[in-house]
Number of protein chains: 2
Amino acid sequence: MLDVARTAQVSVATVSALINGTTRVSPALTQRIEAAISAIGYERNAIARSLKLGATNTIGLMVSDIRNPFFTDIVATIQYALNRVGYAVMVCSSDENTELQDMQIKLLLDRAVDGLIIAPAGEDVMLKDFLASVRRPMVIVDRTCEGLDVDTVTLDNRKAVLDATSYLIGLGHRRIGYIAGPLITSTGRDRLAGYRDALAAAEVPYVDELVQDGDSREAGGYRAAMQLLTQRDRPSAIFSANNLMTIGAMRAIRDAGLSCPDDISVACFDDFPWADVFRPHLTTIAQPVQAIGEYAANLLLDRLSGKADEAPRRLVIQGRLIVRESCRALARP
Amino acid sequence: MLDVARTAQVSVATVSALINGTTRVSPALTQRIEAAISAIGYERNAIARSLKLGATNTIGLMVSDIRNPFFTDIVATIQYALNRVGYAVMVCSSDENTELQDMQIKLLLDRAVDGLIIAPAGEDVMLKDFLASVRRPMVIVDRTCEGLDVDTVTLDNRKAVLDATSYLIGLGHRRIGYIAGPLITSTGRDRLAGYRDALAAAEVPYVDELVQDGDSREAGGYRAAMQLLTQRDRPSAIFSANNLMTIGAMRAIRDAGLSCPDDISVACFDDFPWADVFRPHLTTIAQPVQAIGEYAANLLLDRLSGKADEAPRRLVIQGRLIVRESCRALARP
DNA sequence: TTGTACGCGTTATCAC
DNA sequence: GTGATAACGCGTACAA
């Protein structure tokens, strides 16, 4: 910029004024400066600018598993919403690994991001303390982080699973297997709570062995389903608490030589972008993913534009049970 | 840092030396400085550091559609590979839109990324000229950009489709529909060329109406397949040139009341992470996605570490035809 | 081993 | 409308 100023025989202040439009610059100088800029091939140094301005116009986004279609969609939506208003997005995926997660957040913070959107992999003590010490605008999405007073966008997981389980019960099912996500996540806990709520409401006894941990990945879902399917008194229905585990569960059902919904009913959490390639079409709880992403982006944008000390806002979105063809009514004995 | 120095009664140089480990600092001062750091809650200003060092340790990654599982995987792999060595990744998705693409790349460049990895949405003239003017390390992945002399990682698309089409021909198919990706992309062109190669090699005439544009998205694949299926002399097989289009095509086949592979054989490009939820299991060309991502990351890392003026390297990876159950041999009339 | 002083490229403030 | 200059916070010669 100094070079430009020299070439155009003006001061750097004038060049800066022109570039940023802060002040009117006379046509004569404007022309000289623009000529100098293209002659030299000058490009504004964004780092110096950020140093001066104290903002990078960049936000950090950390999800627990970017390959999970749900999070892919979240990332895409947020990235798009933020780009539109001039923010760049730095993305990390913790792969459901709490240690990696801490490292990645540090990496993000170390890049001086203006704000953070986080879908926590789980609540190790570290994370909570750590995030609490971060003084930058932040919103937590999908899963909450107990005791952390920041903006959040979450689904009403408990209610959603209550609905789905009640639907299964309404169909006559009593032994309903449940493939659970990690209980270190709020989603894992809330969804399980919804399952128990439904059982309690219908006075169906809760059976420990019907709840199997699926660790939120496909392989875990497979194992959990197998566990369920090989019990002497096999459940007549299974609820799977997220999309990837469902894929594993469906595979297990096939491998066990069973057929859904003829031998066993399946309902699950999370709809798929390509739901109809699945056979049978799955009855699921759909999350309004795009809306969730937009809300998260907007909450952060609000914080970024000054609303620093308002009380945290906690948005809770309702899921929607989509009945398709993977559940069958149980003939009463 | 100045505050830390004052609190610890030392100079900023000493603090800096301790933090970066450039010089040995006496134990006494070390202790005082560390105490001061945690007392004040000091955090190094990454922007000032970048300004001084001239590097952000951040790279920009632009893909044409982050929701496409292929690119999701690319993003995840690259992000992981680069994070491991201390780089953060700024992600953009152009949504197969060349205008958006230009904007996003500008956004990335404006954040002073140290390097760029790009999967181009298409080659508008803009892009080529624009990228040529970028003086930062760069690697192009998946699709090439004609006339741009930079490192690239691509699949041998032509050969892969040649193999798949030849396989179909070997099964006795003569009327083979082809659902094409955009011809403004190198992948679109190369894959189509492979199809023609196979026909030519087997002396099967090329028929214009058997090639339908699917624009690389699901909806386009559906339309293209429908077009093919409603022709008076319906093709006995279809090759679909990417994953999303395949999903659309399978849907079209169902909607047309046809069954695969009984009524029509299907082979396609790109394997799916969850290939076995598809019915029937699809015969596809699998790309070694992770390897592609790793290669791209490594090429960039090489450039970043000084190999600035070596000749561009062009890695070409071989695809692999995975025969499953979506293709059937045609009974000779 | 430690301290001083300068430069990185901008932008904002104030004089002119 | 324009120009001089002081920060922004860090790394690093160079001097002590």
Side-chain angles (χ1 to χ4, degrees), chain A residues 1-58 86 88 106-107 109-114 135-136, chain B residues 1-58 86 88 106-107 109-114 135-136:
Chain A
M1 180 146 138
L2 185 60
D3 291 336
V4 173
R6 272 203 277 262
T7 308
Q9 315 258 39
V10 296
S11 79
V12 287
T14 311
V15 177
S16 175
L18 176 63
I19 291 178
N20 298 303
T22 22
T23 320
R24 284 211 52 76
V25 176
S26 69
L29 289 198
T30 298
Q31 189 158 7
R32 274 191 2 232
I33 293 173
E34 278 170 352
I37 286 180
S38 59
I40 298 191
Y42 164 79
E43 291 173 29
R44 178 175 68 189
N45 183 316
I47 308 177
R49 183 188 161 84
S50 289
L51 177 60
K52 184 64 187 166
L53 262 27
T56 52
N57 281 338
T58 299
K106 270 181 197 134
L107 191 79
L109 254 17
D110 198 50
R111 289 305 175 290
V113 292
D114 293 341
R135 290 168 187 289
R136 268 167 267 192
Chain B
M1 183 148 135
L2 185 61
D3 291 336
V4 174
R6 271 204 276 262
T7 308
Q9 315 258 36
V10 297
S11 79
V12 288
T14 312
V15 178
S16 174
L18 176 62
I19 291 177
N20 298 305
T22 19
T23 320
R24 283 211 54 75
V25 177
S26 68
L29 289 198
T30 299
Q31 188 158 7
R32 259 163 48 203
I33 293 173
E34 280 170 350
I37 286 180
S38 59
I40 298 192
Y42 164 80
E43 290 172 30
R44 177 176 68 187
N45 182 317
I47 308 176
R49 183 187 162 84
S50 289
L51 177 59
K52 182 68 188 166
L53 264 27
T56 52
N57 281 338
T58 299
K106 271 181 195 135
L107 191 79
L109 253 18
D110 198 49
R111 291 303 176 292
V113 292
D114 293 342
R135 293 169 184 291
R136 269 167 267 192

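Each chain gets a letter, A, B and so on, in the order the sequences are listed, and its residues count up from 1.
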- line: Correct closest heavy-atom pair for Ala55(B) and Ser50(B) would be O-OG, 3.1 Å
task: Please report the C-alpha distance between Thr7(B) and Tyr42(B) in whole Å, then the side-chain angles of each, then the deciding distance to 0.1 Å, and finally whether the side chain to side chain contact (heavy atoms under 4.5 Å, CB included) criterion is met.
output: CA-CA 11 Å; Thr7(B) 308; Tyr42(B) 164 80; over 6 Å; no
message: Side chain of Leu51(A), heavy atoms from C-beta onward: which of dC8(D), dT2(C), dT2(D) has the nearest atom to it?
response: dC8(D)
query: Please give, in whole Å, the distance from dT12(D) P to Leu18(B) CG?
result: 15 Å
statement: Between CG of Leu2(B) and C1' of dC8(D) the distance, given in whole Å, is 12 Å
- prompt: Can you check the Asp110(B) CG to dT10(C) P distance for me, whole Å?
  reply: 12 Å
Please list, for nucleotides 11-15 of chain C, all pairs of protein and nucleotide N/O atoms separated by less than 3.5 Å.
| from | atom 1 | to | atom 2 | distance (Å) |
| --- | --- | --- | --- | --- |
| dT11(C) | OP1 | Asn20(A) | OD1 | 3.3 |
| dT11(C) | OP1 | Asn20(A) | ND2 | 3.1 |
| dT11(C) | OP1 | Arg49(A) | NH1 | 2.6 |
| dT11(C) | OP2 | Ser16(A) | OG | 3.0 |
| dT11(C) | OP2 | Asn20(A) | ND2 | 3.2 |

query: Base, sugar-phosphate, or nothing for Leu29(B), non-hydrogen atoms under 4.0 angstrom?
result: sugar-phosphate
- prompt: Thr14(B) side chain N/O closer than 4.0 Å to the phosphate oxygens (OP1, OP2) of dG3(C)?
  reply: yes
statement: On DNA chain C, more 5' by nearest nucleotide between Val10(B) and Glu43(A) is Val10(B)
query: Pick one: which of Leu2(B), Val10(B), Val4(B) meets side-chain contact (heavy atoms from CB on, under 4.5 Å) with Arg6(B)?
result: Leu2(B)
query: If you round to the nearest 0.5 Å, how far is CG of Asn20(A) from CZ of Arg49(A)?
result: 5.0 Å
message: Could you check whether any side-chain N or O of Arg44(B) sits under 3.5 Å from a backbone N or O of Asp110(A), counting only pairs where one atom can act as donor and the other as acceptor?
response: no
query: Just how far is it from atom CG of Leu51(B) to atom CG of Leu51(A), taken to the nearest 0.5 Å?
result: 5.5 Å
